[in-house]
Amino acid sequence: MTDNESKELAPAQLEDLPEDIRNAVVRAGWKGLMPVQERAIPYMLERRDLMVQSRTGSGKTGAFVLPILHQIDSTSKSCQALILVPTRELALQVSTEATKLSGDSGVRVVAVYGGVAYGPQIDGFKAGAHIVVGTPGRVLDHLLKGALSLNGLDFLIFDEADRMLSMGFYPDMKKVQRYLPDRALCSTMFSATFPPSVVRLAHDFLYEPETLSLSADHVHVTDTTHVYHVVGAMDKDRALVRVIEIENPDSAIIFCNRKDEVHYVATVLKRFGYDAEELSADLSQNARERVLGRLRAGSLRFLVATDVAARGIDIPELSHVIQYSPPEDPEAYIHRAGRTGRAGATGEAITFAAGLEKAELGKIARRFKIDMEERELPTDEDVERVVSERLTALLEAKRRDRDKLRVERMQRFMRLAKELAENDDERELLAMLLDDMYQDSLHAPPAGAVAVPEESPAKSQSGDKGGAKPRKRRKRPPRN
């Protein structure tokens, strides 16, 4: 990295930015730039790769859209910016904001996502989409069909990268990589957390990325994000399942305060279809060795344990710690939460608090000066939306892997599929099949863990069977 590239850039002042950016801010009705925008925009204007830890609502969309709009050539019909997002909802949100910020500049934005017809999206490409915002799976579909070309690409953005991995998009993202131009791009990754799987993803796609560290009130880089949900004492089991469904952790320890609680939680998770094992003082030595063997092999996704049983156990790549109840000893909170966010990665510590437990959690936060974020529990509707999109991604990926003979063979069932979908009584059969497939996917290792071997990023790229060949990214020359 050159001295020019390694130099930390001062935050942007709105009055010093190009006129078109200032006009876009006025058009959006913003009073000024948000911290993430002030810090990220100067780097993107210099086309330096970035990793930014940011939460929803921090203003991150403007942080990458504004500098992209300033550098788009609206006279060209080529796609110059690809923004990958985890869900159709976010694709629509980002594309809507980009369209609003672009005003009458002539920049065209197209949102692409699964579950809808291809036609309107292809029409958008033909009209000359400058910015494509989409889910990795649907973007890959268009690339495979030849409907979308990335030869003119200058900007590659990963928005909510951790959620993209939790949705199972890693294999699709690696396949998209094959279609990226073999030259330097300005690549930026935004993520609420940077667990090891996301860090490896950054090394795959970004060129010597710099990491932004901002005020703790807005965007910040920390080892662990501390979150709690207020939940009724009798509702914790269902709350746990809903949070796991939304978060889809690569790996997690779920801490309980009592042995009977450990057994109950492990049983609930197993019955719901998750790969979970319990660890408590009541476990026989043979059973304990079996569980520890799975831990060492990296084949166990959820470990449910008491503090005593988990003492001395280390899982190096742990994305989440979930506390079914706050610990009775405040010091134990630090030991629990400290099991994630290691070796330069970040993680999330999630706690369920019922009744007076919220007050106890507040005392722990004040004692150890921890910034704890209260979040609303996901609703059943939230879970339905997320798992539907995740399953759609799985199904579309499965269809892409079918050869011509299998595609021809499945035509036998197209009429039956239509009849089942249109019949209220028979629709339950389709739901049953979808549920079975989704539950089977819960027993597979997480997407990030499957696709990213436990080895160096360089080796991981070269050994990616069926994936992209590693691109030789030339060093970016200093901008004049």
Side-chain angles (χ1 to χ4, degrees), residues 193 195 216 222-244 246-247 249-269 274 276-283 288 291-292 295 300-343 345-378:
T193 59
T222 58
D223 291 338
T224 303
T225 299
H226 301 267
V227 174
Y228 70 93
H229 298 281
V230 177
V231 56
M234 303 302 294
D235 299 324
K236 284 188 177 183
D237 50 359
R238 301 304 299 172
L240 174 63
V241 168
R242 291 205 298 271
V243 167
I244 286 177
I246 294 290
E247 294 288 331
D250 289 352
S251 55
I253 292 183
I254 301 166
F255 281 104
C256 301
N257 291 338
R258 305 187 313 274
K259 292 180 289 185
D260 61 326
E261 203 171 56
V262 166
H263 179 69
Y264 174 74
V265 170
T267 300
V268 167
L269 292 180
Y274 283 106
E277 296 277 12
E278 62 182 276
L279 198 64
S280 70
D282 287 345
L283 220 58
R288 182 180 175 86
V291 173
L292 292 178
L295 276 175
L300 177 61
R301 192 171 187 190
F302 296 112
L303 175 68
V304 188
T306 59
D307 292 295
V308 173
R311 189 171 296 160
I313 296 174
D314 186 38
I315 306 177
E317 296 196 355
L318 194 65
S319 63
H320 289 67
V321 164
I322 300 175
Q323 306 186 72
Y324 196 72
S325 298
E328 296 168 353
D329 176 10
E331 294 283 348
Y333 182 93
I334 300 301
H335 293 297
R336 289 177 175 184
R339 290 176 173 272
T340 185
R342 297 183 175 188
T346 67
E348 195 159 79
I350 300 173
T351 306
F352 296 116
L356 296 176
E357 290 176 343
K358 180 179 178 181
E360 294 302 314
L361 198 59
K363 292 178 183 177
I364 293 173
R366 289 189 295 272
R367 175 174 175 179
F368 296 106
K369 296 181 173 58
I370 297 171
D371 179 21
M372 287 195 185
E373 175 192 355
E374 180 178 358
R375 290 184 189 169
E376 291 289 328
L377 271 173

Taking the side chain as everything from C-beta on, heavy atoms only, tell me whether [X] gets closer than 4.5 Å to [Y].
X	Y	result
Leu377	Val231	yes
Tyr333	Leu361	yes
Ile254	Leu303	no
Arg238	Arg242	yes
Val227	Thr351	no
Val304	Leu279	no
Ile322	Phe352	yes
Asp307	Phe255	yes

Nearest-0.5 Å distance that lies between atom [atom1] in [X] and atom [atom2] in [Y]:
X	Y	atom1	atom2	value
Leu283	Leu292	CG	CG	9.0 Å
Leu240	Gln323	CG	CD	12.5 Å
Met372	Thr225	CE	OG1	12.0 Å
Asp237	Glu261	CG	CD	10.5 Å

Short question: side chain of [X], backbone of [Y] - any donor-acceptor pair under 3.5 Å?
X	Y	answer
Glu247	Val243	no
Arg288	Asp282	no
Glu360	Glu357	no

query: Can a cation-pi geometry be assigned to Lys236 and Tyr324, taking NZ or CZ under 6.0 Å from the six-membered ring centre and within 45° of the ring axis?
result: yes
For a quick test of reading the model, state the closest non-hydrogen atom pair linking [X] to [Y] and the distance between them.
X	Y	answer
Leu300	Glu277	CD1-CG, 3.4 Å
Cys256	Val265	SG-CG2, 3.9 Å
Ser325	Arg336	O-NH1, 3.0 Å
His229	Arg375	ND1-O, 3.0 Å
Ala337	Ala349	CB-CB, 4.0 Å
Gly232	Ala354	C-CB, 4.0 Å

message: For Arg258, is there an ion pair with Glu328 - N to carboxylate O distance below 4.0 angstrom?
response: no
NZ/NE/NH1/NH2 to OD/OE distance under 4.0 Å, Lys358 and Glu374: yes
- request: For side-chain contact (heavy atoms from CB on, under 4.5 Å), just list the numbers for Tyr228 and Val230, CA-CA rounded to whole Å, side-chain angles, deciding distance to a tenth of an Å, and then say yes or no.
  value: CA-CA 7 Å; Tyr228 70 93; Val230 177; 3.9 Å; yes
message: Could you check, using the six-membered ring where one of them is a Trp, whether Phe302 and His320 have ring centers closer than 6.0 angstrom?
response: no
message: Among residues at least two apart in sequence or on other chains, which ones pass side-chain contact (heavy atoms from CB on, under 4.5 Å) with Ile334?
response: Phe368, Ile370
